[in-house]
Every structure is written in structure tokens, then in C-alpha cells.
Amino acid sequence: MSKGLPKRSEDYSLWYNELVKKADLAENSPVRGCMVIKPYGYSIWEKMQAQLDKMFKETGHVNAYFPLFIPKSYLSKEATHVEGFAKECAVVTHYRLKNSEDGKGVVVDPDAKLEEELIVRPTSETVIWSTYKNWIQSYRDLPLLVNQWANVVRWEMRTRLFLRTTEFLWQEGHTAHSSKEEAIAETVQMMNIYAQFAEEHMALPVVRGVKSENERFAGAEDTYCIEAMMQDGKALQAGTSHFLGQNFAKAFDVKFATKEGGLEYVWGTSWGASTRLMGALIMAHSDDNGLVLPPKLAPIQVVIVPIYKTEEELSKISEKTNEIMIKLRSKGISVKFDNRDTYKPGWKFAEYELKGVPVRIAMGPRDLENNSVEIARRDTLTKETVNLSEIVIEEYISRLMDTIQDTIYTKALNFREEMTTEVNTWEEFEKLIEEKGGFLSAHWDGTNETEEKIKELTKATIRCIPLERKEESGKCILSGNPSKGRVYFARAY
């Protein structure tokens, strides 16, 4: 098959868009700004979802579901929250349609105006905290550790598949606690779970940090985040965890009776990761030949392609490959046998390379005779012929999966290190953000004004204040005012 992909070096944005479509991950929908996630793309999301869900439940969280629609008045109760989301909200004003007078369609029935408009959820803090008021009375009801898998709508004018769409899929956790310390511990724990998932399953190295006040979630006292580096030198926020303090508890009057007999507001957190992770997965690892998927998230980890001319040859190869598949599946390895006679082996090789299948096994009549197979790795594009008499195939492939996972991670980590630069002058900052990109580690005076000015001049934002940064005195990269330490700047998605 002809992949027809642009080169990353020539047009990274076009390469990304074409890869998403040609690899059958997603496509634009009839609704402007929304997407159709195709079966292959959705199967990757399902693997992400399943692993994250498992990690959430292992830390005591349970799933629930809350309404898609939120009364407009709810958003007004937390001032910072409504200010942060007001311009992105989709609003439902009527509850009924009627046939048009000319009989050529339907129109909104003007007599069916809602008494109070409904907001299509951009996030669920307000509707969930209004519910928590009924669920929480005593310290015995805490902590409340709830997650939901849902879709949300945030009106977007400039969209890109997976990275920024009007509607997207995500999970949002919302927890309530009896103390500030417990809520902060929860916030940090969830950031670390996102980081563990990104590094161990997505093979994506991330920087753990705290957002600046300007970049903080609307309504939060602190936002913890993980930031990743894409191959074009731009950063991508891969997950956030918010310490809400008592802001939403006060807005919705959520109090609990303490052990001592007092009455206090609860402490809250929220945290989320979305289908934006799909974009991160694609941009961090893939190449000019197509997707490169870490084995832990690949829907098909091994594909077996028979090479034959006659039905008799196919029958014999099928019998042998069936034995291999049984052994691989016994190790939990997902494997597909592609015996379609409508495509030639070369076309299939190109298809699975485009779709990022980690390992391809090919077997023809000569291989059958020699009791061997050809094994090709997607990450390195290398091939080798292996004698089946000399290996235990399921152990061999299992180890190879681990090797590929580690190799992809190491490559991404090395790239991030190459794209992280310490800068000490404004001239150097301007030059590097334009010519090299990546993370620029620089001193900042801690003011919103300086942060906004840097963004205005360079389109670079503070991605995070790294948790592992060293406290060191210095001078702000722009203002020259005193600084307590370095932060990470980058242009970002």
C-alpha cells in the first residue's frame, strides 16, 4: 500500500493529521470541531482506559456517572470557575423542535424555552459538588473517592484530531476529604499515577510539576501536572490534578460533622486525563513510516503474515502458525493471523507498519521447511530469521515486547533531554524558543505580569514549576528581578 505520508521535517502538522487519518484512528465528523474515533483508534483508547481504571481502583476509587447537563446557575456559584469556562460553554436554551411552516424541515419551537438554560458539561465540579451535599453529612462519609468516564464539550474554534476538539472523551475524578493534608496527598498521588501510566505504559517520559497561577485550573488553589515533549519541540500537558481547597464545598455548602462534634467544610480535589493522550502517543513516538506503538498499548501486538502461492501451502503454514498463536496467547500477547487473499504480503507489511504493530512475523514455504520465521520490529525496522527449534517462541516474543517498550521509552527520554536547555539571558531565550524549541529552563520572578509578557513576546508559556527543581537564587530571564528558582517554559499544544 502507498502510505503517502508527509515527512515530519517538512510539515509536522500535516504529517500528524494525515497519520491520524491514514492509520484509521479518527476522522472529522459532520459536526464542526468534533471527531469520529474509528475502531482501531478506539481500541487504543480502550487499553488506556482499562489500565488507568485499574490503577484508580487499586487506590480505592470507584466509578459513578453524573448528568451531561448542568443548570446555568450552578456555574455561577464558584466565581473563578465560571470565569474560566464561560467562553467555552455550549448552552441548551429550548427543549423542543417543531416542523417549519414551509414543511422543509424543523425549527426551534419558540414556546419551548427553558426556564433556566442548561450547560453541556465542560467539566463536572459543579454538578458533582451539588450532589455531594446530599452524600456527605459526617466524617464517617469521608473520604469520598469518585471517578467518572464521560464526554465533555468545550467550544473550540481551532481544532485538531485528539489534541483539541469541541467534544472529547476523558475521565474526571472528584474526591472529598476531611482535612487539607489528606486532600493535598490525594492530589499528588493522582499526579503520580498519571506519571506512572505515561512512563510505564505509554513509554512517555514526563516532567512532574505545579502550574503557575496563570495556568492553574479555574477554581483550584493548586494544579499539579505532567508535561511531555513532542518530536516537534512543543510541550503537551498529559494529565492534571487539582487541589480545590474548600472552594467548591463553600460554593455548594458541603459540610461534615467532625469527630469532635463541630461542623466544617470538606476539602476537595479533581483530576483528569483525556483522549489528548492519544495525540501524545502519536506525536512522541511515530515516524515517517507511520505509528510506533508501545506494546503495552498496541491493540495488536503481533501480526503473522503467511507467504504462499497455493492453498496447500497456506494450509500447512496456517497449521504451524496456529500453534504459535496458541503459545503467544498463553502469555497474554494479542496476535492476529492475516490470511486475507485480497492483499499481497508486501501490502500487508506496509499496512501493519503504518498502524504501528510492534512485531510482525512472516512465514513462507521455505521457513516452514526450515522450521523458522522472520521477525520484524516496528520500532527499529530491523528483521531477523529465527529457528523455532532453538527458542521458546512465547518466551522470546514476550522478552522482545519488553525490549521494544524500553527502547521506545529510552529514545523518547533521550530526545527530551536533548530538547531541555538551561538559558540565562533573554537574547538566548528568544533565539532558542524560535530555532530549537523544547523545554527552556529559566529563572522567573514569580509575577503574572512577567509571565504574560513572555507569552506575548514568544508564545511560550510556563509549562510547570518542576517538583524536583533546586531552590537557587537568580535573576528573572525578562525582568531581571530576583528569582527563587528555574521553571520550564515551552510552546505547547
Side-chain angles (χ1 to χ4, degrees), residues 40 43-44 46-48 50-52 54-55 58 195-206 281-282 284-287 289-307 317-338 345 348-349 351-364 366-417:
Y40 190 64
S43 63
I44 298 173
E46 282 182 313
K47 294 200 79 167
M48 290 181 166
Q51 181 57 41
L52 281 169
K54 179 173 179 284
M55 296 170 82
E58 286 175 348
Q196 181 185 352
F197 171 76
E199 295 181 343
E200 294 183 5
H201 295 270
M202 294 178 67
L204 182 67
V206 295
L281 190 72
I282 297 161
H285 304 312
S286 302
D287 58 27
N289 295 301
L291 293 176
V292 175
L293 295 178
K296 288 183 179 180
L297 294 180
I300 305 167
Q301 294 173 310
V302 177
V303 62
I304 302 177
V305 179
I307 301 172
I317 292 170
S318 298
E319 185 178 343
K320 184 65 176 179
T321 56
N322 188 56
E323 295 175 9
I324 295 173
M325 286 193 291
I326 290 171
K327 291 177 180 178
L328 293 180
R329 286 170 180 159
S330 73
K331 280 286 188 179
I333 297 170
S334 61
V335 55
K336 176 180 179 179
F337 180 50
D338 190 346
K348 295 176 185 178
F349 290 174
E351 178 187 29
Y352 293 115
E353 191 172 275
L354 175 65
K355 290 192 169 186
V357 175
V359 172
R360 185 186 73 232
I361 296 176
M363 175 177 277
R366 185 173 297 175
D367 297 306
L368 191 62
E369 184 179 328
N370 296 331
N371 196 31
S372 64
V373 291
E374 180 188 80
I375 297 177
R377 285 175 56 169
R378 175 62 186 90
D379 62 324
T380 58
L381 298 175
T382 55
K383 297 185 289 188
E384 62 176 332
T385 299
V386 175
N387 191 308
L388 296 174
S389 302
E390 299 174 358
I391 63 166
V392 178
I393 187 65
E394 63 271 29
E395 298 290 347
Y396 184 90
I397 296 296
S398 182
R399 288 194 299 272
L400 184 57
M401 289 292 162
D402 292 339
T403 299
I404 293 172
Q405 186 82 24
D406 291 343
T407 300
I408 293 174
Y409 176 82
T410 300
K411 182 180 179 182
L413 179 61
N414 290 339
F415 177 78
R416 189 192 73 185
E417 295 304 312

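All figures in this text were calculated on a predicted structure; none of them were measured in a lab.
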- Examine distances only and state if a side-chain atom of Lys47 and a backbone atom of Ala298 form a donor-acceptor pair shorter than 3.5 Å. yes
- Pairwise side-chain contact, Arg378 with Val292, heavy-atom cut-off 4.5 Å (strictly under): yes
- Just wondering, do Asn370 and Leu388 contact through their side chains at under 4.5 Å, heavy atoms? no
- Item | Point-to-point distance, once rounded to the nearest 0.5 Å, from NE2 of His285 to OG1 of Thr407 | 12.0 Å
- Roughly how far, to the nearest 0.5 Å, is CD of Glu374 from CG of Asp367? 7.5 Å
- Task: May I ask you to decide whether Glu369 forms a salt bridge with Arg366, counting only side-chain N to carboxylate O separations under 4.0 Å?
- Result: no
- Does any N or O in the side chain of Tyr40 come within less than 3.5 Å of the main-chain N or O of Lys355, such that one atom is a donor and the other an acceptor? yes
- Query: For Pro345 and Pro306, which heavy atoms make the closest approach, and how far apart are they?
  - Reply: CG-O, 4.1 Å
- Query: Which is it for Arg329 and Val335 under the side-chain contact (heavy atoms from CB on, under 4.5 Å) test, yes or no, and what are the steps along the way?
  - Reply: CA-CA 7 Å; Arg329 286 170 180 159; Val335 55; 3.3 Å; yes
- Please assess Met48 against Leu297 for the test side-chain contact (heavy atoms from CB on, under 4.5 Å), listing each intermediate value before the final yes or no. CA-CA 7 Å; Met48 290 181 166; Leu297 294 180; 4.1 Å; yes
- Note on the structure: When rounded to the nearest 0.5 Å, the distance separating CG of Leu368 from OG1 of Thr321 is 9.5 Å
- Provide the closest heavy-atom pair for Ile300 versus Val302 in the form atom of the first, atom of the second, distance. CG2-O, 3.3 Å
- Report, as yes or no, whether the 6.0 Å neighbourhood of atom NZ on Lys411 holds more than 12 heavy atoms from other residues, nucleotides or ligands. no
- Message: Ring of Phe349, cation from Arg360 - is the NZ or CZ under 6.0 Å from the centre and inside 45° of the axis?
- Response: yes
- Message: Quick check against the 3.5 Å criterion: does Gln405 have a side-chain atom that pairs as donor or acceptor with the backbone of Glu200?
- Response: yes
- Item | Distance in Å, Ile304 CD1 paired with Met363 CE, rounded so as to fall on 0.5 Å steps | 8.0 Å
- Note on the structure: Between Glu199 and Tyr409 the two heavy atoms that sit nearest each other are O-CD1, 3.7 Å
- Message: Is there a side-chain hydrogen bond (donor to acceptor under 3.5 Å, both in side chains) between Ser372 and Asn387? Walk through the geometry before answering.
- Response: CA-CA 4 Å; Ser372 64; Asn387 191 308; over 6 Å; no
- Query: When rounded to the nearest 0.5 angstrom, what distance separates CD1 in Ile361 from CE in Met325?
  - Reply: 10.0 Å
- Should Val359 and Ile375 be marked as a side-chain contact (heavy atoms from CB on, under 4.5 Å) after you check the CA-CA gap, both sets of side-chain angles, and the distance that decides it? CA-CA 7 Å; Val359 172; Ile375 297 177; 3.8 Å; yes
- Query: Closest heavy-atom contact between Leu291 and Ser286?
  - Reply: CA-OG, 3.3 Å
- Query: Under 3.5 Å, side chain of Thr382 to main-chain N/O of Arg377, donor-acceptor pair present?
  - Reply: no
- Message: Tell me the closest heavy-atom pair linking Leu381 and Glu353, and the distance in Å.
- Response: CD2-OE1, 3.5 Å
- Task: Identify the heavy atoms of Ala362 and Ile307 that sit nearest to each other, and give their distance.
- Result: CB-CD1, 4.1 Å
- Message: For the backbone of Met202 and the side chain of Lys296, can you confirm whether one donor and one acceptor N or O come within less than 3.5 Å of each other?
- Response: no
- From Leu293 CG over to Ile404 CD1, what is the distance, rounded to the nearest 0.5 angstrom? 11.0 Å
Side-chain donor-acceptor pairs under 3.5 Å in residues 391-402, sequence neighbours left out?
unit_1 : atom_1 : unit_2 : atom_2 : d
Glu395 : OE2    : Lys331 : NZ     : 3.0
Tyr396 : OH     : Glu384 : OE1    : 3.3
Tyr396 : OH     : Glu384 : OE2    : 2.3

- Passes side-chain contact (heavy atoms from CB on, under 4.5 Å), Leu204 versus Leu281? Steps please. CA-CA 8 Å; Leu204 182 67; Leu281 190 72; over 6 Å; no
- Taking NZ, NE, NH1 and NH2 as the nitrogens, is one of them in Glu58 or Lys54 under 4.0 Å from a carboxylate oxygen of the other? yes
